[in-house]
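Take a look at the structure below.
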Amino acid sequence: MAAPVRVRMAPSPTGALHVGGVRTALFNWLFARHVGGEFLVRIENTDTSREVQGAVEHALDSLAWLGLDWDRPPTFQLDRIDDCAELAQRLVAEDRAYEDEGAIRYRMPDEGVTAWDDVVKGRIEFPNEELEDLVLVRSDGRPTYNFASPMEDVWDGITHVIRGDDHISNTPKQINLIQAVGADLPVYAHVPNVLATDGKKLSKRHRATGVDELRAAGYLAPALLNFLALLGWAPDGETTLMSRAELIERFDLDRVIKSAAAFDYDKLDWLNGVYLRALPPAEYADALVEYLRTLGNDWPEERIREAAPLVQDKIGRLGEFLAFAGFLFHEVEPDPDLLDRRILEAAAAALEQLEPFEPEPIETALKALCERLELKPRQAFAPIRVAVTGSKVSPGLYESLALLGRGESVARLRRGAAAAAA
RNA sequence: GCCCCCAUCGACUAGCGGCCUAGGUCACCACCCUUUCAAGGUGGCUGCACGGGUUCGAAUCCCGUUGGGGGCACCA
């Protein structure tokens, strides 16, 4: 009977969780869930000098938000410092390793090749003469990554190592170490990296790359997951929309692409919009309220819920709500050049006594106004929109006016009339 | 410099020797719809990096070139 599948993601606590790292985590998680295996989280913190305060909590929070749940409490590489030291001593006793200026080095083979069959890249071979004697334990006693990582994989019973392909050149070193302790080799799957749209390595210079930033911009976790899954993997040539369940159902390591993929924000925006529009109105309002709260926004919840239907079909990211519907929550400062005294005064007069003050009667009244003024709707509505919303772009005009209320709407129209440049 | 990986439209990809005059999605362009912006509908533009092989036949296999990426740490 084959050992149960167990995979892990192993972030180092040196900063916020990056989309590239999350994509790799996602592949691990999808694979584990697909085959009914376990997904573990291990913090690789052997380099204490680079550790960033709060990075661990931050990373776990991002994973949790995405719904990438782990099956055991996260472990810390540094906790195995004694096990590593003990093992290193054993290797020295066996003369497979030796001391060197206080550090312990492993004797890598000088001849032949170290090879493995990578699930995504195919067979990879490294000439052993390229491998230099690896430092296992630093002179201060801390194990190095290339020693601790493969040993932990052995101790934790990791069956599949799914990681970025920047680790390919580490793999032969780790394979030799694992063989040195007589353990079985895991299956390796080196997935391609995620690049920026310009083909360069993704970094802070290119827009948001941290999961926290994407979340703050108003992307939905399921949309982000869907998008990330498609970066380097596709179930076929047609399917683009997949729920979490479908992703799990269809994910297959064998279909992971070999080449690097660029992170396309336009496509993410489109996909997020699809998810946003597909949400039932009540859930959409919930998501919006929740989003604004995590942002620290204190606009009244009831008002947000009332505004939600006006924007659902219009915005692709929840973050756009602030600019798009902000006029419902605060005063506006319209550009005088875009206002028109005659139209605004007429509009104020037409709406002043309107009863009930609802979208349909408002539409009827404004259309009648257009005829009286002998103007096309697009001409007459422009200054009205600007006066009321402060912008040339807004949710539907009738709905916006109705929600704003007669008093405030008329007041803004009058103020606009007074401020009009011409 | 040495080692390793990669190479289909601007982007993500389908394709695993004939079904490909290369399909889908995003972006882009045009038109339609329309109170703005979106959304939606219709149509369109654009691609197998290059050069050699192998084969009756190559985007698909092999070799080379070029280009991109990663590594060569007491970083991960």
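Values below: all heavy atoms of this structure, side chains included; hydrogens, waters and symmetry mates excluded. Letters go in sequence order (proteins before strands), and every chain restarts at 1.
- Two residues, A:R277 and A:P395, neighbour RNA chain B, and the one matched to the more 5' nucleotide by heavy-atom proximity is A:P395.
- A donor and an acceptor atom, one from each side chain of A:E246 and A:S243, are located under 3.5 Å apart.
- At B:C74, one or more side-chain N or O atoms of A:R105 fall inside 4.0 Å of OP1 or OP2 (strictly under the cut-off).
- In this view, A:E111 satisfies the salt bridge (charged side-chain N to carboxylate O under 4.0 Å, His left out) rule with no residue, not counting sequence neighbours.
- Ion pairing of A:R255 with A:D236 is absent here, as no side-chain N (NZ or NE/NH1/NH2) approaches a carboxylate O to less than 4.0 Å.
- Going from the P atom of B:G47 to that of B:G24 covers 15 Å, rounded to whole Å.
- Across the strands present, B:G1 finds its partner in B:C72; the criterion is a Watson-Crick or G-U wobble pair with both atom distances under 3.5 angstrom.
- Between the CG atom of A:L195 and the C1' atom of B:G67 there is a distance of 14 Å, given to the nearest Å.
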Using distance only, find each side-chain donor-acceptor pair of residues 377-387 of chain A under 3.5 Å and give its atom names and separation, not counting sequence neighbours.
unit_1, atom_1, unit_2, atom_2, d
A:Q379, OE1, A:K376, N, 2.9
A:R385, NH1, A:S394, OG, 2.6
A:R385, NH1, A:P395, O, 3.3

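- Figure legend. B:A11 is base-paired to B:U25; pairs are counted as Watson-Crick or G-U wobble with both atom distances under 3.5 Å.
- The shortest distance between the side-chain N/O atoms of A:R255 and the OP1/OP2 oxygens of B:G15 is below 4.0 Å.
- Ion pairing between A:K258 and A:D118 fails under the 4.0 Å rule for side-chain N and carboxylate O.
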Footprint string (nucleotides 22-34 of chain B, 5' to 3'): B base within contact, S backbone only, - free, heavy atoms under 4.0 Å: -BBBBS-------
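- Nucleic acid contact for A:S139: base, since at least one base atom lies under 4.0 Å from a heavy atom of the residue.
- For A:R305, the salt bridge (charged side-chain N to carboxylate O under 4.0 Å, His left out) criterion is met by A:D286, A:E301, not counting sequence neighbours.
- Here the nucleotide nearest the side chain of A:F381, chosen from B:C74, B:U35, B:U13, is B:U35.
- Base-pair partner of B:G51: B:C63 (Watson-Crick or G-U wobble, both distances under 3.5 Å).
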Protein-to-nucleotide contact annotation, 5' to 3' order, nucleotides 1-7 of chain B [B base; S sugar-phosphate only; - none; under 4.0 Å, heavy atom]: -SSSSSS
Candidate pair A:L220 and A:L224, rule side-chain contact (heavy atoms from CB on, under 4.5 Å), full reasoning: CA-CA 6 Å; A:L220 257 27; A:L224 192 52; over 6 Å; no
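- Taking the side chain of A:E399 as heavy atoms from C-beta on, and the options B:C74, B:U35, B:C37, the nearest nucleotide is B:U35.
- Residues satisfying the salt bridge (charged side-chain N to carboxylate O under 4.0 Å, His left out) test with A:R163, not counting sequence neighbours, are none.
- Here side-chain hydrogen bond (donor to acceptor under 3.5 Å, both in side chains) pairs that include residues 325-339 of chain A, with residues two or more places apart or in two chains, are A:E331-A:R415.
- A:E408 meets the side-chain hydrogen bond (donor to acceptor under 3.5 Å, both in side chains) test with A:R412; sequence neighbours excluded.
- At a cut-off of 3.5 angstrom, counting only N and O atoms as typed in the model, there is no donor on one side facing an acceptor on the other between the side-chain of A:K392 and the base of B:U35.
- Here A:Y106 pairs with nothing under the ring pair (Phe, Tyr, Trp, His ring centres under 6.0 Å) rule; sequence neighbours left out.
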Polar-atom pairs under 3.5 Å, protein N or O versus N or O of nucleotides 43-51 of chain B: list them with distances, or write none.
none

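- In terms of polar N and O atoms assigned as donor or acceptor, the side chain of A:N170 comes within less than 3.5 Å of the base of B:A76 in a complementary pairing.
- Residues passing the ring pair (Phe, Tyr, Trp, His ring centres under 6.0 Å) test with A:F251, sequence neighbours excluded: A:F27, A:W233.
- The A:I257 side chain lies nearest to B:U13 when the options are B:U35, B:U13, B:A76.
- Within 4.0 Å (heavy atoms only), A:E129 reaches no atom of the nucleic acid at all.
- Side-chain proximity of A:Y398 to the nucleotides B:U35, B:A76, B:U36 is greatest for B:U35.
- Mapped onto RNA chain B by nearest heavy atom, A:G316 and A:K173 fall at different nucleotides, with A:G316 at the one closer to the 5' end.
- Here A:R80 pairs with A:E152, A:D156 under the salt bridge (charged side-chain N to carboxylate O under 4.0 Å, His left out) rule; sequence neighbours left out.
- A:H167 qualifies as a stacking partner of the B:A76 base, centre to centre under 5.5 Å and near-parallel within 30°.
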